[in-house]
Structure formats: C-alpha cells, structure tokens
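Note sheet for the following structure.
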Amino acid sequence: MDIIERLRAITGPANIATGDDCAPWASDWTGNYKGQPLAVARPGSTAEVAAIMALAHETGTPVVPVSGNTGLAGGAHAPGQLMISLDRMRAVREIRPAARTAIVEAGVILSHVHDAVAAHDLVFPVTLGARGSALVGGILSTNAGGSNVVRFGNTREQVLGIEVVLPTGEILDLMSELRKDNSGFDLRDLFIGAEGTLGIITAAVLKLQPMPAAYATAMVALPSLGDALTLLNRLQAATGGAVEAFEYMPAAYIERHLRLRPKARAPFDQRHAVNIMVEIGATAPRDATLNEDGSLPIVDLLEQTLGEMTEEGGVLDAVVARNEAQRAEMWARREDAGEMSVMQQPVLLMDVALPLDGVEHFLRQAETAFHAIDPEGQSMVVAHLGDGNVHLSMWPSKAGIPQSDAIVARIEDVVADLGGSFSAEHGIGKAKRATMARRKNPVALDVMRRIKDALDPGGIMNPGKVIP
Ligand SMILES: Cc1cc2nc3c(=O)[nH]c(=O)nc-3n(C[C@H](O)[C@H](O)[C@H](O)COP(=O)(O)OP(=O)(O)OC[C@H]3O[C@@H](n4cnc5c(N)ncnc54)[C@H](O)[C@@H]3O)c2cc1C
C-alpha cells in the first residue's frame, strides 16, 4: 500500500485530502507561503495522530502540523509534505470552574475556548486578532502573545499541561493540572513555542481567570512614549495591576487605518503623534458596581488618573468609551493592524521585544537605520507597549532581496544594542531562520539542535523551520 492508502486506513478515506482538496491548507493567512502539500491528514483522535506519526517515522515522511494557518512566520508551510490538521479534534473536554481549568483538544478555535469558559464567568486570557481562526495547538506552538500579555503573560503562562505525540508516534502525557510540580525537567515548556518541530500537541489543560465584571477603555493622546509609561505605571499602581491592554498607535498608523477604513472615525479631532489604547479589567465588585449616578468606579479611576496627568501636561487628550459599541470601535482600530501590514506587498515584518523604556530609542534609531538604506521606503509601527513588543512593517521603495536583507540586519543591530529580542511573539518559522543563524547565542542554538536530534532523529517533524 502506498502512504496515502495507509493514511486512509488510519483516519478513514474522507479525512485524507489530496490534490485540489488540499486548497484550504495550501496558503497561509498572509498569502506569502503557498505550496501544494503531499496530502492533508485530519485525524479524529490522539491515537490516530500517533498512528500517522508512527507511519511517517517508518517511511521517513516529513510532517507539518497546521492549525488555523494564521501564523505570520511561515511555520506551517508544507510544499510536497504531509500536513496534519487537528481541526476535527475540537472537543472542550471539561471545564472545572473551582479549579480554574479547562481541558481542551488542540483543534478547538481560540474564540470557542473564550465562549465556552465565559459561560462560567471565566476567561482564558490569550486574545489576538486571529482568535476566530487560530486553534489551541497553533497558539501553544507559537507561544502566542496578544494584547493581554501586560496583565497575564504569554500563552506559556496560561498552560498547566499538554499532551504531545512525538515524531516516533509515542504519546507523551503531560496533562497535569498542577500549579506546582518540580519533578525533573520541564518538558511541557519545551513543546510550547517549538512551532511543531518537536512533536504534535494534541490536548492541553488551560489556566482560567475570573471574568472582569466591567472594563474601562480609552484612547489617550500623550506628548511622548515616556509619558505613556508614566500613565501605564500610575494605572497599574492605582488598580493593583489590572491594566489588560496598553497598545501604541502612532499618527501614521491612524492615518493608514483611515485609508483602509474610510468610514472609521479618527480617535481625536487633532492629529497626535502618540496615541494609546488602554483597557483596565475590573473583577472586584467595589470597582465594577454602578454608582448611584450611573458611573462606574473603575471608569472614574481611569478618568481621575487621566485628569491628573492632563493638569501636569502629561496627557493631551482622551476619549473614554461610554458603551460597548465605543469600546468595540477602539478595538477594531487596533485589530486591523494585521490586515494593514499585509495589504501592501512586499512587506518586511519585524516583531521585536524591547525593555519598556527602550521602545522610544528603538523607534527613533530604527527609522534612521531604515531610511539610511532606503530614503523613500515607507513604514508603519504598532506596539503592545505594555509588554515592550513592537511590530514594525516596512515597505522598501525598490523590492530586492539584498536591500531587504540589509534593512533587516541593520534593524536587528538596533534591537541587539538595546538588549532586545529579534522575535517577540510571532515565532521563527521559515521567515526568521537567517536571523536565528546570525543572532541566536551559538551555544543555545547547539543545545536546540541536540534536543531536536534526540527527539526527532529522522528529522521529519516540520523540517526547515525554526532551527537554521
Ligand atoms: C490578524 C492577525 C492578528 C494576529 N495577532 C497576533 C498577536 O497579537 N499575537 C501573536 O502572538 N500572534 C498574532 N498573530 C499570529 C497568529 O495568529 C499566531 O501565531 C497564532 O498563534 C497561530 O495560530 P494558528 O492556529 O493559526 O497556527 P498555525 O499558523 O497553523 O501554526 C503555527 C505554527 O505552529 C505549528 N503548529 C500548529 N498546530 C500545531 C500542533 N497542534 N502541534 C504542534 N505544532 C503545531 C505549525 O506547524 C506552525 O509552525 C496574528 C495573526 C493574524 C492573522
């Protein structure tokens, strides 16, 4: 039997796509990574995933796990390779409100996790613009960030346990619900963020948080990013660390957004260089219960801080959302960032992490570095400022590989000089392998290679990704 017949025998023929039926998986969200896979297998259980991996191991067939295909680094690109999609494994197995955990299969769509736990007044606090398409397996495998990292940390911090199928087909059961477990190496965190190069995540135990009973959300214009950090730190002190999003959108971003959505409104009548969208989530009844005059204490607190900073000259203007529609409008402006980045091609996408007080220097130096090489080039910045994560999109005036490489390498220099990281939340995939080779500590790279060789001696698990 050839491999396709053997795959059909494992999953049932309806769950092996070949030829044109692979079209839904043959291109990623950006459209930059296209390619006809050998086939797409859609197993319905961990046992089927294990049987497929054992077959791939035996036949030396390269395997690429795919979830929502919204990754921005080409991690699920699979021309001529066998893709494994877990989209049929979409059970929310159990929600345990008292333990604050949810046990889910890896094929559950992120927004479905949100909906399922909301019924218990709980949140899984990983959220991003692609939440309607990205799956739990993809979120874990990229250690996704998103807009709540300022309060809750990355995906890694929201996971208690995982189940993984290894490249040999063995099942590694790490489905712990424990918050403390010092029993040897932390294998869970090896697979989270590995972008499918070490195994296939099939299930997870997720950590849940209480759902805020009220939000205070605002757009704020400030004189500088230094003032923005003052605002962040004051709000964190006043609310006990309840700032859930702190998103930076400079004037050029707002202008591009209005070009993408001509019917959208500008946040302010005047153009401001520094615009922040801030959101605070209140869980305590004292912050979230309406006052007699109909105001909300958490909103009052935000307005009070903004008022004080306005008097000091640290805030130039502010609009506080008065209802859910206004809040949604603020979020929509921020969540259009992905589309704004890829609507003009070719684009150089940089996703970098910096110390919070290094972001302002970075932006100045990066712009100088870019325009020194390409004076006519255009760029756009948007940042999860609360966790120091800058997304820099650059559109060179003349598309050409040597010029693009020079621009990227020069910006990497700026990041390194400021003690930053060349990869904050989107991962390495194919897009940043050259950067890994240039920038990653060589000893760390060597350790990664040794781990990869030990777990995947045949090199069949997502080959050509992450490790240069
Ligand atoms: C509009 C938009 C907004 C975004 N915003 C953010 C953001 O704010 N923060 C952020 O971090 N990212 C963001 N992203 C990037 C992307 O959504 C995330 O990287 C997401 O985690 C990818 O999930 P996915 O299900 O689409 O995974 P995929 O793209 O399918 O896969 C991503 C990687 O994980 C591997 N993989 C997939 N499933 C498994 C599995 N079960 N086991 C092992 N490996 C697996 C793949 O091989 C690939 O290497 C955004 C993307 C878009 C399009």
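When a residue number appears, it is its place in the shown sequence, counting from 1. Both counts, for ligands and for their atoms, begin at 1 and track the order of listing.
The heavy-atom pair separating Leu128 from Glu335 by the smallest distance is C-OE2, 4.3 Å.
Between Glu58 and Arg6 a salt bridge is recorded (basic side-chain N to carboxylate O distance below 4.0 Å). A salt bridge does not link Glu247 with Arg333: none of the charged nitrogens is closer than 4.0 Å to a carboxylate oxygen. Salt bridge status for Asp387 with Arg151: absent, with no side-chain N to carboxylate O gap under 4.0 Å. Between Glu195 and Lys430, none of the side-chain N atoms (NZ, or NE/NH1/NH2) sits under 4.0 Å from a carboxylate O, so this pair counts as no salt bridge. Note on Arg449 versus Asp453: no salt bridge recorded, every NZ/NE/NH1/NH2 to OD/OE distance being 4.0 Å or above.
Ligand 1 has no N or O atom lying under 3.5 Å from any N or O atom of Leu128, backbone or side chain. The N/O atoms of Ala144, backbone and side chain alike, include none that comes under 3.5 Å of an N/O atom in ligand 1. For the pair Thr127 and ligand 1, the shortest N or O to N or O distance does not fall below 3.5 Å. Looking at Gly68 next to ligand 1, an N or O pair under 3.5 Å apart turns up. Taking distance alone, with nitrogen or oxygen atoms compared against 3.5 Å, Ser147 stays at or beyond that limit from ligand 1. Between Glu195 and ligand 1, at least one N/O pair is under 3.5 Å apart.
Ligand 1 is never approached by Lys465 to a heavy-atom distance shorter than 4.0 Å. The shell of residues lying under 4.0 angstrom from ligand 1, judged by heavy atoms, includes Gly146. Within the structure, ligand 1 lacks Gly427 among the residues with a heavy atom less than 4.0 angstrom away. In this structure, His384 counts as a contact residue of ligand 1, since one of its heavy atoms falls inside 4.0 Å of the ligand.
Test Asn69, Val40, Asn15, Val64 against Ser85 for side-chain contact (heavy atoms from CB on, under 4.5 Å) and you get one pass: Val40.
Scored by the salt bridge (charged side-chain N to carboxylate O under 4.0 Å, His left out) test, Arg438 finds Glu412 as partners (sequence neighbours excluded). For Arg256, the side chain to side chain donor-acceptor pair (under 3.5 Å) partners are Gln344, Gln378, not counting sequence neighbours.
When the heavy-atom distances from atom 30 (O) of ligand 1 to Gly193, Ser67, Gly132, Ala134 are ranked, the shortest goes to Ser67. When the heavy atoms of Ala194, Gly74, Ala76, Ser141 are ranked by distance to atom 43 (C) of ligand 1, first place goes to Ser141.
Closest to atom 11 (O) of ligand 1 among all protein heavy atoms lies Gly145 N, 2.8 Å. Looking at atom 29 (O) of ligand 1, its nearest protein heavy atom turns out to be Gly71 N, 2.8 Å. Looking from atom 46 (C) of ligand 1 to the surrounding protein, the closest heavy atom is Pro65 O, 3.1 Å. From the protein, the heavy atom lying nearest to atom 19 (O) of ligand 1 is Thr142 OG1, 3.5 Å. Of the protein's heavy atoms, Ala130 CB, 3.6 Å lies nearest to atom 52 (C) of ligand 1. Here the protein heavy atom with the shortest distance to atom 17 (O) of ligand 1 is Thr70 OG1, 2.8 Å. Nearest non-hydrogen protein atom to atom 27 (O) of ligand 1 is Gly138 CA, 3.4 Å. Of all protein heavy atoms, the one lying nearest to atom 12 (N) of ligand 1 is His426 CD2, 3.6 Å.
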side-chain contact (heavy atoms from CB on, under 4.5 Å) evaluation trace for Met350 with Thr435 = CA-CA 11 Å; Met350 297 200 71; Thr435 303; over 6 Å; no
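Taking every non-hydrogen atom of Leu135 and a distance limit under 4.0 Å, the qualifying atoms of ligand 1 come out as 25 (O). The distance from ligand 1 to the heavy atoms of Gly196 drops below 4.0 Å at these ligand atoms: 43 (C), 44 (N). Listed by number with element, the atoms of ligand 1 under 4.0 Å from a non-hydrogen atom of Ile200 are 42 (N), 43 (C).
Counting heavy atoms closer than 4.0 Å to ligand 1, residue Asp28 contributes nothing at all.
Under a 3.5 Å cut-off, the side chain of Glu425 and the backbone N or O of Gly146 do form a donor-acceptor pair.
Between Cys22 and Gln36 there is a side-chain heavy-atom pair separated by less than 4.5 Å.
Atom-to-atom distance recorded for Leu385:CG and Glu360:CD is 9.5 Å, nearest 0.5 angstrom.
The aromatic rings of Tyr253 and His257 sit parallel to each other, their planes meeting at less than 30°, with 60° as the upper class boundary.
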